[in-house]
Amino acid sequence: MKKNIILIYALLIIAISDSWASKREIHILAANDMHATIDAFPQLAAIIDSLRTEDPSLLVFSGGDNRTGNPLNDKYEISSYPMVTLMNMVGFNASTLGNHEFDTHSLSRLIGLSDFRYICANVFPSDSANIKLVPYQVFDVEGLKVGVIGCIQLSPNGIPSTHPDNVKGIVFKPAQEVIPQYEWLSRECDATILLSHLGYPDDIKMAEMFPWLDLIIGGHTHTQLKGDEIHNGILITQNKNKFMGCVTYITLTIENGKVVGKKAEYINVMKYPKKNKVVQAMVDHFSCNPAFNRVLALAEEPFEAREELGCMMCDAYIEECNTDLAVENPGGVRIDSHPAGDITVLDVLEMDPFDNHAVILELTGEELVTMLRTYCHNKVRSFPYVGGFKCELTIDRSDPGIIKSVKLFTLDGRKFDMKKRYRVATNSYVPATSKIPKGSDRILNMQTTDLLMRYLENKKSVNYRGVRRLTVLTK
């Protein structure tokens, strides 16, 4: 009897051991929307060093928007060279494309400098564009196959959110049209991942449409998720990462060729207690540009909202271009606030990083309203900031995100002459992405950053605290 009990116990131990042995883990570190935050790389490198000590097969992925937002990177001799060099140094395995990868014409060169692949299935460059992409890639993790598909968001005009001139010769297709072509990966691979720059709401839609995915690593909407975000059985991750707030450490448990466990842990990068000294030396080298420290003017009070910064930019356009009115798209203001004190060249380049040229438009009041509404697609959150006039937006109580009507007023509240023709200054992105009369625009041979710097130097001090020119009414 004792021998039988011992035998059964031994067989049970063997069975449990075999079960444990059949389960294996894949570890992934995911970043998104890093926006050239190169000063976070010493900590990021230390995190990766620590994780690769535990698992040398760690995969490191980016959900796109690696560039744009830090002039030390964007204005480098080869734009974005510091960011690509640092991503190579810490060992990224792949990135999808974000819309800001198209902010300049240097994408082909940057891909050539990268030691990792750019994965994007819904981008189809012409041969002349010389942009080397792959729609998917299969990674071997100690015998386990990990299939990764990439996709980028498209705005209502059918291209990513960038200047149309930057994507000439490139065809884009909606993600939901191309992803089904790669369902076979789920049968061939142990884990199937969508590396997405579509945004959190669309990631949820993808999870509902494509249940054969195991994981969606997201980006674009800067959504800080917490813990295990499961939709239709699919784990979704994303970080609010404009300033490299967090990265996600993902564990996928594999058994018999299927994912049976999913876990996401969020690591605060800037608060990580260790730094990689070699990477710190590289960051110090890239950060040395004394010209960026030149003081342009004094902010008498802090800028506490993007609209205050947008109003200042509009006023700079009016004064420096000698126009009646001005418009600045909200996406063209890339910082949320600025403290009281010195405003430097670096501050201006962070505020307006897109190398846009100034444009003067000849528009009637009615044509101006058409431009404003077509630019934002009647969405309140995208309505431009203005100078030289005020706007009253009426929204529907049942659908508060959509604009029902737009009324214009003078700065002192008087009725706006909608038939009069006005000279309107803006940046080159606004007319390129909205409806304006043919031949009404004239591009100036100067960048909007130059106008703003000249305006600030002439003013010597500015105070925009509490300045608001947009009013929203609900009916």
Side-chain angles (χ1 to χ4, degrees), residues 28-41 43-44 47-48 60-74 79-80 82-84 86-87 90 92-104 107 110 114 116 118-120 122-123 148 150-155 160-162 166 175 193-204 206 215-226 229 236-250 264 266-272 306 330-337 350-354 381-382:
I28 301 164
L29 192 71
N32 61 274
D33 300 281
M34 294 184 286
H35 286 288
T37 309
I38 63 174
D39 56 332
F41 266 76
Q43 289 98 323
L44 178 62
I47 292 170
I48 294 172
V60 182
F61 294 145
S62 168
D65 274 6
N66 304 322
R67 57 151 296 139
T68 300
N70 182 354
L72 294 168
N73 172 75
D74 303 334
S79 179
S80 295
M83 192 65 183
V84 168
L86 290 166
M87 290 177 72
V90 304
F92 272 78
N93 297 95
S95 174
T96 194
L97 292 177
N99 53 298
H100 289 292
E101 263 68 69
F102 292 100
D103 281 344
T104 68
L107 179 56
L110 293 178
S114 301
F116 51 90
Y118 289 82
I119 304 173
C120 208
N122 62 333
V123 177
V148 180
C151 279
I152 188 173
Q153 64 83 220
L154 303 182
S155 52
S161 299
T162 190
N166 294 341
I193 300 170
L194 177 63
L195 193 54
S196 161
H197 198 80
L198 301 174
Y200 179 60
D202 280 345
D203 286 343
I204 296 174
M206 298 303 107
L215 167 67
I216 297 176
I217 296 172
H220 185 55
T221 49
H222 296 245
T223 306
Q224 186 58 61
L225 301 180
K226 297 178 181 179
E229 183 96 8
I236 298 177
T237 70
Q238 189 173 162
N239 292 289
K240 186 178 181 179
N241 248 11
K242 183 178 179 182
F243 300 109
M244 191 80 86
C246 292
V247 288
T248 313
Y249 182 54
I250 302 160
Y266 293 86
I267 303 171
N268 191 306
V269 178
M270 296 303 283
K271 291 184 179 180
Y272 194 72
R306 283 199 179 200
V333 185
R334 301 305 293 186
I335 60 175
D336 298 319
S337 59
E350 287 180 337
M351 190 186 313
D352 181 7
F354 297 115
R381 62 181 177 83
S382 303

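Owing to the predicted nature of the structure, the values given are computational and were not obtained by experimental measurement.
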Going by the rule salt bridge (Lys or Arg N to Asp or Glu O under 4.0 Å), which residues pair with Asp39 if we only count those two or more places apart in sequence or in a different chain?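 Expected list: none.
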Which residues pass the salt bridge (Lys or Arg N to Asp or Glu O under 4.0 Å) test with Asp103, not counting sequence neighbours?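 Result, salt bridge (Lys or Arg N to Asp or Glu O under 4.0 Å) vs Asp103: none returned.
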Please list, chain by chain and in numerical order, all residues satisfying side-chain hydrogen bond (donor to acceptor under 3.5 Å, both in side chains) with [X], sequence neighbours excluded.
X      : result
Thr237 : none
Tyr249 : none
Asn99  : His197, His220
Ser155 : Asn157

Audit row: Tyr272, Val247, side-chain contact (heavy atoms from CB on, under 4.5 Å) steps and yes/no: CA-CA 11 Å; Tyr272 194 72; Val247 288; over 6 Å; no
If only atom types and distance count, is the side chain of [X] paired as donor or acceptor with the main-chain N or O of [Y] below 3.5 Å?
X      : Y      : result
Asn73  : Met83  : yes
Gln153 : Ser161 : yes
Gln43  : Lys271 : no
Ser79  : Asp74  : yes
Asn239 : Asn32  : no
Thr96  : Ile119 : yes
Arg306 : Val333 : yes
Gln238 : Ile217 : no
Glu350 : Asn70  : no

Calculate, to the nearest 0.5 Å, the distance between atoms [atom1] and [atom2] belonging to [X] and [Y] respectively.
X      : Y      : atom1 : atom2 : answer
Ile216 : Ile236 : CD1   : CD1   : 4.5 Å
Leu198 : Asp203 : CG    : CG    : 5.5 Å
Leu29  : Ile267 : CG    : CD1   : 6.0 Å
Met270 : Leu44  : CE    : CG    : 11.0 Å
Glu101 : Ser95  : CD    : OG    : 5.5 Å
His35  : Arg334 : NE2   : CZ    : 5.5 Å

Holding to ring-ring contact (aromatic ring centres under 6.0 Å, His included), I want the full list of residues that pass it with Tyr200, two or more places apart in sequence or in another chain.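 Scan of Tyr200 (ring-ring contact (aromatic ring centres under 6.0 Å, His included), adjacent residues dropped) gives none.
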For Phe354, check ring-ring contact (aromatic ring centres under 6.0 Å, His included) against everything at least two apart and list the hits.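 By the ring-ring contact (aromatic ring centres under 6.0 Å, His included) rule, Phe354 matches His100.
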Could you report the tightest heavy-atom contact between Ala175 and Asn122, atom names first, then the distance?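 So the minimum-distance heavy-atom pair works out to N-ND2, 4.0 Å.
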Quick one: closest heavy-atom pair of Pro353 and Gly69, and the distance?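 Minimum heavy-atom separation between Pro353 and Gly69: CB-N, 4.4 Å.
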By side chain to side chain contact (heavy atoms under 4.5 Å, CB included), which residues pair with Asn93, not counting sequence neighbours?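 Counting only residues at least two positions away or on another chain, Asn93 forms a side chain to side chain contact (heavy atoms under 4.5 Å, CB included) with Arg52, Leu59, Val60, Phe61, Phe139.
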